[in-house]
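Note sheet for the following structure.
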Amino acid sequence: MKKYLAEMFGTMVLVLMGCGVAVSLNCSSNCADVANAGTVIGTAMAFGLSVVAMAYTIGGISGCHINPAITLGVFLSGRMSGKDAGMYMLFQAIGAVIASAILWVLTTNAGLTGTGANDLQEGVSVVGGLLAEIVFTCVFVLVVLGATAKTNGATNNFAGLAIGLALVLIHLACIRYTGTSVNPARSFGPALFQGGTALANLWIFIVGPFVGGALAAGVWKIIEPAEEN
């Protein structure tokens with residue numbers, strides 16, 4: 001049970017800090033504007049640093065997935081059971097909802113708008129947004145699988161840092177298209193409280209990351225080096 005609670009807490013921190021910064025910097029409405037580079041960089045750093053912090057906090061307890069797409073990739077790679085994968089996803093979703101509820105209360109009382117939910121940015125089609133989420137999630141989950149592999153023992157102590165920096169990079173590249181989800185839980189919680197098109201388009205940020213996570217697992221099985229005896 002401790003590892004499930006750890007996933008809930010870690011996901012709560014990720015959503016609260018990452019989406020909290022996005023709301024504070026007004027990234028949800030300005031991230032498509034190249035003139036607001038500071039909001040993009042700040043939001044990207046918030047999500048990446050949250051992952052780094054949680055990796056070194058709960059990594060030894062649950063592995064610090066805090067992302068259903070990562071959990072799916074780990075499961076399909078044969079590193080965890082179906083039961084654990086399902087429970088991880090459930091508690092990740094719960095953590096995201098708790099964080100979004102806290103953020104909604106804070107922003108409402110401060111006169112701010114939104115909860116940092118993902119949505120298609122200006123000029124981006126459904127197909128474009130879905131493709132972006134699939135591709136960038138695939139890259140992200142592949143980094144996670146590689147950085148945490150037993151065959152990569154030389155860098156395992158720095159896995160959390162590598163994964164966090166990868167998420168920063170992915171946000172910098174993807175925010176212009178979807179606000180960057182690559183994490184169904186991160187999108188689910190905020191969309192429930194923000195509503196509108198964020199809720200209507202939520203399926204994109206669930207289907208896309210899950211497909212990307214599954215593709216990453218497939219790619220990793222092809223390129224994974226054999227374990228040394």
Side-chain angles (χ1 to χ4, degrees), residues 3-4 6-11 13-15 18 47-48 50-52 54-56 58-96 118 129-153 155-156 158-171 173-174 178 180-189 202-227:
K3 57 188 176 184
Y4 305 146
E7 284 296 306
M8 182 183 74
F9 176 76
T11 308
V13 171
L14 173 70
V15 174
F47 278 102
S50 295
V51 166
V52 172
M54 288 300 98
Y56 293 106
I58 65 170
I61 303 171
S62 67
C64 189
H65 295 187
I66 60 178
N67 181 339
I70 291 176
T71 297
L72 178 63
V74 171
F75 167 67
L76 293 177
S77 299
R79 299 187 192 177
M80 71 186 305
S81 68
K83 175 191 173 183
D84 276 345
M87 292 298 285
Y88 267 43
M89 291 180 189
L90 173 62
F91 277 81
Q92 288 158 0
I94 292 172
N118 290 111
L130 187 61
L131 182 61
E133 286 296 322
I134 291 173
V135 171
F136 287 109
T137 304
C138 180
V139 172
F140 182 47
V141 175
L142 192 59
V143 170
V144 173
L145 294 175
T148 58
K150 291 181 179 179
T151 52
N152 201 10
T155 59
N156 273 176
F158 299 98
L161 182 60
I163 294 167
L165 290 176
L167 189 58
V168 171
L169 179 61
I170 284 166
H171 270 77
C174 187
T178 63
T180 309
S181 172
V182 301
N183 183 338
R186 173 260 180 274
S187 296
F188 174 69
L202 177 60
W203 69 272
I204 296 172
F205 306 103
I206 294 177
V207 174
F210 274 136
V211 172
L215 286 175
V219 172
W220 180 250
K221 283 188 176 182
I222 295 172
I223 67 174
E224 181 180 16
E227 290 188 36

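Throughout, numbering of the chain's residues begins at 1 and tracks the sequence. A quick note: this is a predicted structure, and the numbers were derived from the prediction, not measured.
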Are Leu14 and Asn183 packed together at the side-chain level, in the sense that at least one heavy-atom pair is separated by less than 4.5 angstrom? yes
Carefully, step by step, assess Arg186 and Thr180 under the rule side-chain contact (heavy atoms from CB on, under 4.5 Å). CA-CA 10 Å; Arg186 173 260 180 274; Thr180 309; over 6 Å; no
Evaluate the criterion side-chain contact (heavy atoms from CB on, under 4.5 Å) for residue pair Ser187 and Ile206; output intermediate values, then yes/no. CA-CA 8 Å; Ser187 296; Ile206 294 177; 5.8 Å; no
Give, for atom CE of Met54 and atom OG of Ser62, the distance between the pair rounded to the nearest 0.5 Å. 10.5 Å
State, to 0.1 Å, how close Ala6 and Ile61 come at their nearest heavy-atom pair, and which atoms those are. CB-CG2, 3.8 Å
Separation of Ser181 OG from Phe136 CZ (nearest 0.5 Å): 13.0 Å
Heavy-atom check, side chain of Met89 versus side chain of Phe75, under 4.5 Å: no
For a quick test of reading the model, state the closest non-hydrogen atom pair linking Met80 to Val74 and the distance between them. SD-CG1, 3.8 Å
Pair Val144-His65, side-chain contact (heavy atoms from CB on, under 4.5 Å): steps then yes or no: CA-CA 9 Å; Val144 173; His65 295 187; over 6 Å; no
Determine, stepwise, if the pair Val182 / Leu167 fulfils side-chain contact (heavy atoms from CB on, under 4.5 Å). CA-CA 9 Å; Val182 301; Leu167 189 58; 3.9 Å; yes
Do other residues, nucleotides or ligands put more than 12 heavy atoms under 6.0 Å from the CZ atom of Phe9? no
CD1/Ile70 to CZ/Phe140 distance, rounded to the nearest 0.5 angstrom? 4.0 Å
Mind listing the closest non-hydrogen atom pair of Leu145 and Arg79 along with its distance? O-NH2, 2.9 Å
Hey, could you give me the CZ/OG1 distance between Phe205 and Thr137, rounded to the nearest 0.5 Å? 10.5 Å
Locate the shortest heavy-atom distance separating Asp84 from Lys3; write the atom from each residue and the value. OD2-NZ, 3.0 Å
So, do Leu72 and Val141 sit near enough that their side-chain heavy atoms are less than 4.5 Å apart? no
From Ile94 atom CD1 to Glu7 atom CD, the distance as rounded to the nearest 0.5 Å: 12.0 Å
Which word best sums up how the rings of His171 and Phe47 line up, parallel for under 30°, tilted for 30 to 60°, or perpendicular for over 60°? parallel
On a heavy-atom basis, the closest approach of Val143 and Ala162 is CG1-O, 4.4 Å
Shortest non-hydrogen separation from Leu76 to Ala217 and the atoms involved: CB-CB, 3.6 Å
Value rounded to 0.5 Å, distance of CG in Asn67 from CD in Gln92: 6.5 Å
